[in-house]
Amino acid sequence: MTEHSEARVVAAIPDAIAAAGGLIAGGRLVAFPTETVYGLGADATNDEAVAAVFAAKNRPTFNPLIVHFADAEAAFRTVAADGRAERLAEAFWPGALTLVLPRQAKSTLSLLVSAGLDTVAVRVPSHPVAHALLEASGCPIAAPSANPSGRVSPTTAAHVAESLGGAVAMILDGGACPVGIESTVVDLSGDQPTLLRPGGVTAEDIEKVIGNLETAGSDGEAPKSPGMLERHYAPGLPLRLDATEAGPGEALLGLGPGAAGATLNLSPGGDLKEAAANLFAMMRRLDTPEHEAIAVMPVPERGLGRAINDRLRRAAATR
Ligand code: TXA
Ligand code: MG
């Protein structure tokens with residue numbers, strides 16, 4: 001880490017959050033913790049600020065951003081919520097669920113957040129620092145994960161400083177993100193609720209509230225979520241999935257009590273919640289010149305394991 005980027009990291013005490021809120025309201029970019037991953041935040045009503053987010057991440061402009069609100073009432077003033085949205089908000093907000101809903105005509109959000117679509121992805125985060133920042137800025141905050149496009153999402157302030165430090169006015173340090181994997185994205189803009197991205201709230205739990213969730217792209221159609229590019233969440237080293245042991249030069253990322261020989265273990269007890277929280281930080285720790293590749297042991301395809309496997313498959317997709 002350079003001295004320059006270190007100077008931008010500030011402990012998320014009330015004075016710093018107030019200052020960060022002022023920076024956002026003034027059109028600047030601030031990185032901040034959410035319960036899922038760190039976000040790169042900008043005033044979602046300010047075209048120039050939103051454009052600066054795309055530039056800082058080198059993000060393709062066809063890939064829309066999630067807009068964060070302090071509460072569901074504020075979110076549903078800008079998108080059209082139906083009964084399904086109300087029930088999901090009641091069950092999972094604040095928390096790691098993002099809803100894609102039709103934009104209301106009166107919405108003051110920058111059109112850039114939607115990247116040309118007639119919908120907006122909205123979320124109410126539960127992290128106290130994120131909530132306090134939303135209150136302090138007085139505006140909805142557009143925030144993608146605070147990493148260069150295509151790379152591993154940050155779960156600590158230091159991760160942000162390493163890759164995006166130069167692009168932001170301030171990095172609020174709120175410690176490690178407790179969920180550790182991005183929010184679940186559900187598209188409610190059509191009749192059939194669709195899972196666009198598995199994430200911190202499991203599909204099983206969502207189905208208990210609104211019934212059957214279709215999985216986007218499962219029938220071979222074009223992905224509805226433009227951000228779900230095949231290769232994503234990628235470390236610098238190649239990744240090999242479903243490994244049983246490390247090959248020559250490989251680091252081994254394991255899961256559960258059977259992975260005693262692993263270089264790092266996502267959760268020695270086999271707890272998927274702990275594994276999700278550790279996933280990105282451990283991928284970064286193994287992504288060093290000391291190794292030639294990272295071999296990953298199997299993760300069960302249920303609950304949070306679906307989101308973990310989704311990120312692993314994208315990280316492993318051929319360059
Ligand atoms: O946990 C999270 O969701 C984090 C924290 C910071 O909130 N944010 C995050 O943002 O992961 P990002 O930009 O890295 O991922 C947003 C995803 C992308 O796959 C994007 O394509 C999709 O949401 N998305 C955003 N708006 C959409 C829309 N209107 N329709 C369909 N997909 C949308
Ligand atoms: Mg991202």
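In listed order, ligands and their atoms are each counted from 1.
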Query raised in the report: Of Val186, Asp187, Thr194, which is the lone residue that meets side-chain contact (heavy atoms from CB on, under 4.5 Å) with Leu213?
Result: Val186
Report task. Quick one: do Val201 and Ile206 satisfy side chain to side chain contact (heavy atoms under 4.5 Å, CB included)? Show the steps, please. Result -> CA-CA 7 Å; Val201 174; Ile206 291 168; 3.8 Å; yes
Query raised in the report: In this structure, which one of Arg314, Arg306, Arg313 forms a side-chain hydrogen bond (donor to acceptor under 3.5 Å, both in side chains) with Asp310?
Result: Arg314
Query - Within less than 2.8 Å of the Mg ion (ligand 2): protein N, O or S atom count - result: 1
Query raised in the report: Heavy-atom contacts under 4.0 Å between Val100 and ligand 1: side chain, backbone, both, or neither?
Result: side chain
Query raised in the report: Quick one: does Ser114's side chain have a donor or acceptor within less than 3.5 Å of a partner on Thr119's backbone?
Result: yes
Requested in this report: Any atoms of ligand 1 less than 4.0 Å from a non-hydrogen atom of Ser145? List them with their elements.
Outcome: 8 (N), 9 (C), 10 (O), 12 (P), 14 (O)
Requested in this report: Kindly write out the residues that satisfy salt bridge (charged side-chain N to carboxylate O under 4.0 Å, His left out) with Arg84, not counting sequence neighbours, or none if the list is empty.
Outcome: Asp82
Query raised in the report: Can you find a non-hydrogen atom of Ala143 under 4.0 Å from ligand 1?
Result: yes
Query raised in the report: Can Glu35 and Arg123 be counted as an ion pair, charged N to O under 4.0 angstrom?
Result: yes
Requested in this report: Would you mind finding which of Pro64, Gly39, Pro33 brings a heavy atom closest to atom 28 (C) of ligand 1?
Outcome: Pro64
Query raised in the report: Stepwise, does the side chain to side chain contact (heavy atoms under 4.5 Å, CB included) test hold for Leu279 with Leu312?
Result: CA-CA 9 Å; Leu279 178 68; Leu312 287 171; 4.0 Å; yes
Query raised in the report: When you look for heavy atoms under 4.0 Å from ligand 1, do you find them on the side chain of Arg59, its backbone, both, or neither?
Result: side chain
Query raised in the report: Thinking salt bridges, do Glu182 and Arg311 make one under a 4.0 Å N-O criterion?
Result: yes
Report task. Determine, considering heavy atoms only, which of Pro144, Ala31, Ser153, Pro125 sits nearest to atom 10 (O) of ligand 1. Result -> Pro144
Query - Met297: hydrophobic cluster co-members (side-chain, 4.5 Å) - result: Leu252
Query raised in the report: Would you say Tyr38 has any N or O atom under 3.5 Å from an N or O of ligand 1, going by distance alone?
Result: no
Requested in this report: Answer with side chain, backbone, both or neither: which part of Leu196 has a heavy atom less than 4.0 angstrom from an atom of ligand 1?
Outcome: side chain
Report summary line: Residues at least two apart in sequence or cross-chain that pass side-chain contact (heavy atoms from CB on, under 4.5 Å) with Ala169, listed by chain then number, are Leu23, Arg28
Query - Side chain to side chain, Leu164 and Asn147, heavy atoms closer than 4.5 Å - result: no
Query raised in the report: Considering only heavy atoms of Ala121, which atoms of ligand 1 have at least one such atom less than 4.0 Å away?
Result: 25 (C), 26 (N), 27 (C), 29 (N)
**Report entry** Contacting atoms of ligand 1, where contact means under 4.0 angstrom from a heavy atom of Leu117
**Finding:** 28 (C), 29 (N), 30 (N)
